[in-house]
*Asks:* 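The following block contains the structure, expressed as structure tokens.
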Amino acid sequence: MTGPQRIAVIGGGPGGLYAAALLKRLGPDRDITLWERNAPDDTFGFGVVLSDETLGGIEHADPVVHRALQSEFVRWDDIDIVHRGHTQTSGGHGFAALGRRRLLEILHERCAGLGVDLRFRTQAPPAAELAATHDLVIAADGVHSATRDAHEDRFRPRITGHRCRYIWLAADFALDAFRFEIAETAYGVMQLHAYPFSQHASTVIVEMREEVWRAAGFDVPDPAESVGQCAKIFANALGHRPLRSNNSAWLTFRTVVNDHWSHGNTVLIGDAAHTAHFSIGSGTKLAVEDVLALAACVEEQPSLPAALAAYESERRPVVESTQRAAAASLRWFEELGTYVDQPPRQFAFNLLTRSRRVTHDNLRLRDPAFTAGVEEEFGCPPGTPPMFTPLRLRGLELRNRVVVSPMDMYSATDGIPGDFHLVHLGSRALGGAGLVMTEMVCVSPEGRITPGCTGLYTDEQAAAWTRVTDFVHTASPGTAIGVQLGHSGRKGSTRLMWEGIDQPLDHGNWPVTAASPLPYAPGVNQVPHALDRAGLDEVREQFAAAVRRADACGFDLLELHCAHGYLLSGFLSPLTNQRTDAYGGPLAHRLRFPLEVFDTVRELWPDDRPMTVRISATDWAEGGTTAEDAVEIARAFVAHGADAIDVSTGQVVPGERPEYGRSYQTPYADRVRNTLCVPVIAVGAISSWDDVNSLLLAGRADLCALARPHLYDPHWTLHAAAEQGYTGPGAPWPLPYRAGSRTPPTGRTDAPKPRLSLG
């Protein structure tokens, strides 16, 4: 036999036990020892949830364990969401759970039957010692992994704490659904997550923000009293039954991420390697899936280093995706207080779709009646997807909620938009979007990012923009076109994007200005001149002149660009504004100049036409703009007359570390909208019409701006309508294109079908 023969397993939780059992089953001659410092019947927590996908992997790998699990599972389909006296039930979800203690018993029996040496009540030797005497060391020693800590320099862990406290409890009766219940107490909002794990018991998790936990007096050394208080708070959910504890303590969830999962012949699995918040599923599920992948790679690969590399390569993308979903879910519950005023069905839909893994289309398949109720409450006309409901901003009514996001094309000459811009914006207007936005249109020659950027600082440029707006209004009546005005600040005087993004010009550079004399990339970009009083006044007048031209051009909406590290954004971020005068220091002072510009623009822009502001809601960098700052920035602009906030993130400093992923910026729009009750435009890797519908129905956004999808398909909105079978006024096909409003057939479909199958 090839592969590791002498294996040490540190930790006797489900992951460690299943690893020992599976590797022993696959290699009966292997010498496998497992160390667990607790007794066999010690366990923490109560129920474990596993997915059908995970169970399928277990069935294929070890039918004995699978049969034992199948006989123990309780299954249910419904989720109940209880808030302010309303219970919303959504079905078709499919859960399977069993008691954690029973799961451990099954795995103990399997390990013993296969001949694994189980050493309970025994502290494992240090991983380094085991690595010297074993071929493979599997560290399944949990979120507080001593193995990971001992080799911190190799695994390079990053551990993040969060803002809620939670406690694992149990109730001695079986709920008939997965239940979420919200309690608005004198101390703040608390939530209950509960599900059955046997015919006679349910897991109950109570969670709340740290400040609520302290205000309620739950921060005492002995949590027993708080357990009784939780039972009273959630008495209706529990049928006035008590809650019981199992050495339960109030915890703060910790997200564990490791740069590397193996070191030499030692490998991390489960919570030692990664954690995902309990609100989207079970850490046990991830640990079991780790084991299935690790065992397969050990069997398939020619050497242990190759096996460990293959294991990490296979599992890391899956885990990272799960962690992104878990982070979204965790943040949703942290910000629960901002959602409690939503209508009942919308609140329930928002909760169900919080991780972005469950979507509008997915829920419509699982429970069409529930989803139809949410759509009705939202105001969707019959047969109309949410994205095709109209929205009014001042005197402008948008026929749908799709925005072609501003995208710099770097294709102008002397700031003048040409035929390219006419075709680029015109084709997307014909493509059905409710609002088409220009790229950032610069207010001065020195306010350009590159020599290819458009402007509105000459009458010739204004005439060229009028040609574009006239085409949109004539050829695609009902489509609105908006202009985004901005000034590049310290990010100006650079090459066209495809020639070297943010790199200075080879020749012909112009001087740049900013809030403070800090280059965008030290040693690469030029040091900007810090604007003095005269410079501030000049910039404000440049915006004023551009607004007058934008009005004459016939734009329907104007957006002020205060994001992405350009001039006005540079005043807002503490990383780029180090002024000591009235325009620097605390946020209220950093807001002063952007608000002065906004006030000037709003005064000149026609009162019946809306104005929006694009902000970077986080700098993705330590010491920069935070989500809390973003809310206050948005609040200030709304107080000065902004009709909606376009919530983007980042691009302020070159050392940023964005958390990329599907719809990754939308939580920031969500927070602004639901804290301030103001319309928002969500942006950031929104790529499907299902995402758009989900964000709108959940109340996380009022408009969705898409960039790359519109580069891929100028008719993205019309195609989204066709794919959903929608033919209403929210997405009318231009008359010359109407013949193409149905998906063309692909391949031959009229071939005769076989009549017989001959064996």
*Asks:* Hey, can you tell me if His193 and Phe333 have their rings parallel, tilted or perpendicular (30° and 60° cut-offs)?
*Replies:*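 Rings of His193 and Phe333: tilted, 30 to 60°.
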
*Asks:* Can you tell me if CD on Glu211 sees more than 12 non-hydrogen neighbours from other groups inside 6.0 Å?
*Replies:*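 Count over threshold, so yes.
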
*Asks:* After noting the C-alpha distance and the side-chain angles of Trp689 and Glu723, does the key distance pass the side chain to side chain donor-acceptor pair (under 3.5 Å) rule?
*Replies:* CA-CA 9 Å; Trp689 49 259; Glu723 289 167 13; 2.7 Å; yes

*Asks:* Flag the pair Arg84 and Glu184 as a salt bridge only when some basic side-chain nitrogen lies within less than 4.0 angstrom of an acidic carboxylate oxygen.
*Replies:*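 The answer is yes: the pair qualifies as a salt bridge.
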
*Asks:* Aromatic ring centroids of Tyr166 and Phe278 under 6.0 Å?
*Replies:*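 Yes, ring centres under 6.0 Å apart.
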
*Asks:* Fit a plane to each ring of Trp76 and Phe95, take the angle between them on a 0 to 90° scale, and name the class: parallel (under 30°), tilted (30 to 60°) or perpendicular (over 60°).
*Replies:*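 The arrangement is parallel - the two ring planes meet at less than 30°.
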
*Asks:* Is the side chain of Asp271 donor-acceptor paired with the backbone N or O of Leu286 at a distance under 3.5 Å, no angle test?
*Replies:*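 No, Asp271 side chain to Leu286 backbone: no donor-acceptor pair under 3.5 Å.
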
*Asks:* Output the distance between atom CZ (Phe234) and atom OG1 (Thr185), rounded to the nearest 0.5 Å.
*Replies:*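 Going from the CZ atom of Phe234 to the OG1 atom of Thr185 covers 8.5 Å.
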
*Asks:* What is the distance from atom CG of Asp690 to atom CZ of Arg364, rounded to the nearest 0.5 Å?
*Replies:*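 Separation between the atoms: 8.0 Å.
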
*Asks:* Is it true that Phe178 and His93 have ring centroids separated by less than 6.0 Å?
*Replies:*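 No, too far apart.
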
*Asks:* Starting at OG of Ser741, measure out to NE2 of His719 and round the result to the nearest 0.5 Å.
*Replies:*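 Rounded to the nearest 0.5 Å, the OG-NE2 separation comes to 9.5 Å.
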
*Asks:* For the pair Glu375 and Arg345, find out whether any cationic side-chain nitrogen is under 4.0 Å from an anionic carboxylate oxygen.
*Replies:*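 The answer is no: the pair does not qualify as a salt bridge.
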
*Asks:* So does Asp367 get a backbone contact from the side chain of Thr371, meaning a donor-acceptor N/O pair under 3.5 Å?
*Replies:*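 At least one qualifying donor-acceptor pair exists.
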
*Asks:* Any Lys/Arg nitrogen of Glu659 or Arg324 sitting under 4.0 Å from an Asp/Glu carboxylate oxygen of the other?
*Replies:*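 No.
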
*Asks:* Counting distance only, does the side-chain N/O of Thr353 pair as donor-acceptor with the main-chain N or O of Arg356 below 3.5 Å?
*Replies:*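 No; judged by distance alone, with no hydrogens or angles, the pair does not exist.
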
*Asks:* Less than 4.0 angstrom from a charged side-chain N to a carboxylate O is my criterion; do Arg163 and Glu335 meet it?
*Replies:*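 Here Arg163 pairs with Glu335 in a salt bridge, since their nearest N and O are under 4.0 Å apart.
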
*Asks:* Quick one: do Asp670 and Arg673 make a salt bridge, cutoff under 4.0 Å?
*Replies:*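 Judged by the 4.0 Å cut-off on N to carboxylate O distance, Asp670 and Arg673 do not form a salt bridge.
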
*Asks:* Between Glu632 and Arg635, is the closest basic N to carboxylate O distance under 4.0 Å?
*Replies:*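 The answer is yes: the pair qualifies as a salt bridge.
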
*Asks:* State whether the side chain of Thr322 and the backbone N or O of Val318 hold a donor-acceptor pair below 3.5 Å, judged by distance alone.
*Replies:*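 Pair found, side chain donor or acceptor close to backbone of Val318.
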
*Asks:* Over all heavy atoms of both residues, which pair between Ala183 and Ile233 is shortest? Give the atoms and the distance, please.
*Replies:*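 Minimum heavy-atom contact is CB-CG2, 3.7 Å.
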
*Asks:* Calculate, to the nearest 0.5 Å, the distance between atoms OG1 and CD belonging to Thr649 and Gln651 respectively.
*Replies:*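 Thr649 OG1 to Gln651 CD: 7.5 Å, rounded to 0.5 Å.
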
*Asks:* About how many Å separate CD of Gln323 and CD of Glu320, when rounded to the nearest 0.5 Å?
*Replies:*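 The CD atom of Gln323 is 7.0 Å from CD of Glu320, to the nearest 0.5 Å.
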
*Asks:* Roughly how far, to the nearest 0.5 Å, is the CG atom of Leu69 from the CD atom of Glu72?
*Replies:*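 Here the interatomic distance stands at 8.0 Å.
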
*Asks:* Please check: side-chain N/O of Thr203 versus main-chain N/O of Tyr195, any donor-acceptor pairing under 3.5 Å?
*Replies:*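 Judged by distance alone, no pair lies under 3.5 Å.
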
*Asks:* Is the Trp733 ring parallel, tilted or perpendicular to the His715 ring (thresholds 30°, 60°)?
*Replies:*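 Because their plane-to-plane angle is under 30°, the rings of Trp733 and His715 count as parallel.
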
